[in-house]
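Worksheet: one structure, shown below.
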There are 2 protein chains.
Amino acid sequence: MDISERKKRILRAVIENYINTAEPVGSKTIAEHAGLDISPATIRNEMADLENLGLLEQPHTSAGRIPSPKGYRFYVNELMEQHRLSIQEVNRLNEALHLKVQELDRVISEASRVVSQITKYPSYAISTGCSRITIRRFALLMVERHRFIVVVMTDASVVKNKLVHIANDLSPSELSLLNTLLNASFTGLTPEEITPELMKMAEQAAGAAYDLLVTAVSFAVDVLRNQESCAVYLSGLPRLLEHPEYRNLERAQPLLAYLSQENALSNLPVPDTTGTMKILIGPENVAQELQDTSVVVASYDIGESMKGLIGVVGPTRMDYAKVAARLYYFAEGLSRLFETDDGFSGEH
Amino acid sequence: MDISERKKRILRAVIENYINTAEPVGSKTIAEHAGLDISPATIRNEMADLENLGLLEQPHTSAGRIPSPKGYRFYVNELMEQHRLSIQEVNRLNEALHLKVQELDRVISEASRVVSQITKYPSYAISTGCSRITIRRFALLMVERHRFIVVVMTDASVVKNKLVHIANDLSPSELSLLNTLLNASFTGLTPEEITPELMKMAEQAAGAAYDLLVTAVSFAVDVLRNQESCAVYLSGLPRLLEHPEYRNLERAQPLLAYLSQENALSNLPVPDTTGTMKILIGPENVAQELQDTSVVVASYDIGESMKGLIGVVGPTRMDYAKVAARLYYFAEGLSRLFETDDGFSGEH
DNA sequence: GTTAGCACTCGAAGATTGAGAGTGCTAACA
DNA sequence: TGTTAGCACTCTCAATCTTCGAGTGCTAAC
């Protein structure tokens, strides 16, 4: 889109003013405020042009102008400047990143909480699984006579365990045999590759320990399936209500209901490549409930095989520059956190 | 409080009507609706008495009556009848109780979700730790040269693990020695009982494996500390907005903000004994934000040593009978779930 | 003790009005 | 040709007023 420099400055002034005040912006305000030495009348002419271009809108005849979604898009693509983080914010974010207990889940949910607090918008964080994960290591531990702990560790360095009861009696040597069998036959496989034939073969080899073998394998399958699916954390949802566009409950409630649905957030679009951001403005969203809402989301890497998302949901009148800068910082921090330490705690 | 049977019936009619409609109830409505063969005028007289007793209130002169907190309290204590659960509800609850993967956390958070869906109010669930938990069993597994998995199991049959890097080289026999040492010296102890002197003694015994020993023990301490503290799940918060008393945002927002605070819910009162319920009506709550809100909460047992809470937050005009019945059913179900299977999955 | 009748109260909802903000248009100016 | 001042016009918001109706308390009759 080819627009004169002056029009750009006016558009930008309108948008930034509107972002701060949530009130339609009039020509007079711009003339006084935006450091352009032109009269309100001239600005009115320019604004009329910008309206014809579809970048501004009028709520009604005698109100000022507000940005249209197209206007926001133009702003985000071409006008927006890098926003600086304050020192407090950087400290705050760093603190969240360096939690003592670096459990994957907890770091991620804490990330979402902090982002929400800093941006004043609801924030969500997702860790998505990857396509091919397999078990790398099995271990069986006896606790007492009929009680065992099954421990499995996946490719993604996640370790899980389960306490089980087994009716059979097992000697230490049988247990050790079973351990060997599991590690020899069931590592490096995806759930789909664990066929009934394979189980049958294992059955013959395991003998009396068959029950425990089945339990261990099906636990492993559960773990893998669970890694494939993803966890969603949402924080600060009621913050939406702090913004004037949601003072109206009929507007706010469907949105809140939608966002607190289990799957709403995991179906949002994702940035094309790690390290980039995606900004969806109003009608660019697919979901009906998000038509007046914008989503800003950044992606990060979790180790080598998994990815995560961290994003913010807010009104189209959102401070995109500020939000984007903070998400970017956080996403980078998370990527670095999980990369420096491939053996980040798989505890769970 | 001594009240004539007729007054009780009128009070009950007012309350149940108000619970359903959220509108002040007039004498005419009661006369037509409540199956008492008396005229509105008589009912007016009785209602005036009930108002003098502090059981009813008038929002303003020419509105009907609404129950006062004291009125609700009387209703809950003496008038309320057992509410029956529908077959669908029973099924729904049972389903949630018998999740395939019986991870403690997940069952509890699912419980909260289902209760919220059924009652249409926000619901919370808490698992509180108990006073003296110790480690029952340690296990160290080698994954590869410098990488180990630490597994600990607590009294409460919770098993946790962590993946660690250790710079030292350890032979299998050293590892097995360390396993023995850990199980001999550090089981049956609370975090407070693991003294520096004990660590010093262990240092001499462990030799080169000291690093791993320290890591394992401090992990164990973390786990125990974590068990002592408690997890809070909150679900369906936006449901509050579906109720007419929160159509007014100035009313709703402070409450939402309060409830979404980390610690708000864990500080609410608890029932005196397991298997009972506690109902807090409006001003009976300590927190300022809950003055117009009621809390209904039931407790359940998690195994032998831990306890849990499941509760609902809503307007004072809450269908106490219905909510209480559902919570009671669920709390009982949870207790039974965790008791039948002391070795419920300690996976985590 | 119960009931009908009636005057009275008070809030909710609608209608009316005035003020103010902002626009588009026109005509004058550089 | 681009810019500006002036002016009539539009439309919302908030305040004020009015009306309507539901519900009450009181009194007197049953």
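By convention in this document, chain letters (A, B, ...) are assigned in the order of the sequence lines, proteins followed by strands, and residues within each chain are numbered from 1.
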Phosphate contact (C:dG22 OP1 or OP2) by A:Arg65 side-chain N/O below 4.0 Å:
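For C:dG22, neither OP1 nor OP2 has a side-chain N or O of A:Arg65 closer than 4.0 Å.
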Now, which nucleotide makes the Watson-Crick or G-U wobble pair with C:dA12, with each of the two distances under 3.5 Å?
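Across any shown strand, C:dA12 pairs with D:dT19.
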For D:dA29, give its Watson-Crick or G-U wobble partner with both distances under 3.5 Å, or none.
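With both distances under 3.5 Å, D:dA29 matches C:dT2.
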Can you tell me how far P of C:dG24 sits from CE of A:Met47, to the nearest Å?
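So the CE-P distance, A:Met47 to C:dG24, works out to 8 Å.
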Roughly how many Å is it from CG in A:Asn52 to C1' in C:dG24, rounded to a whole number?
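Whole-Å distance recorded here is 12 Å.
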Here's a test for you: under salt bridge (charged side-chain N to carboxylate O under 4.0 Å, His left out), which of B:Arg65, B:Arg44, B:Lys70 qualifies with B:Glu51?
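The option that passes is B:Arg65.
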Touch class at under 4.0 angstrom, heavy-atom based, for A:Ala41 against every strand present
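Result for A:Ala41 = base.
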Which nucleotide in [options] has an atom nearest any side-chain atom of [X]:
| X | options | result |
| --- | --- | --- |
| A:Gln58 | C:dG24, C:dT3, D:dC26 | C:dG24 |
| A:Ser27 | C:dT2, C:dT23, D:dT24 | C:dT23 |
| B:Arg44 | D:dT3, D:dC26, C:dG24 | D:dC26 |

Using a distance-only test with no angle check, is there a side-chain donor-acceptor pair under 3.5 angstrom linking A:Glu110 and A:Tyr233?
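Note: A:Glu110 and A:Tyr233 side chains miss the donor-acceptor criterion.
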Any side-chain donor near an acceptor of the partner, B:Ser109 and B:Ser112, under 3.5 Å
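No donor-acceptor contact under 3.5 Å links the two side chains.
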Between A:His83 and A:Tyr320 (judged by ring centroids, cut-off 6.0 Å), do the two rings come close enough to count as a pair?
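For A:His83 and A:Tyr320, the ring centres are not under 6.0 Å apart.
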N/O to N/O distances under 3.5 Å, protein versus nucleotides 10-21 of chain C:
unit_1 : atom_1 : unit_2  : atom_2 : d
C:dC10 : O2     : B:Ser62 : OG     : 3.0

Crowded around B:Asp37 CG? As in, over 12 foreign heavy atoms under 6.0 Å?
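Not more than 12 within 6.0 Å, no.
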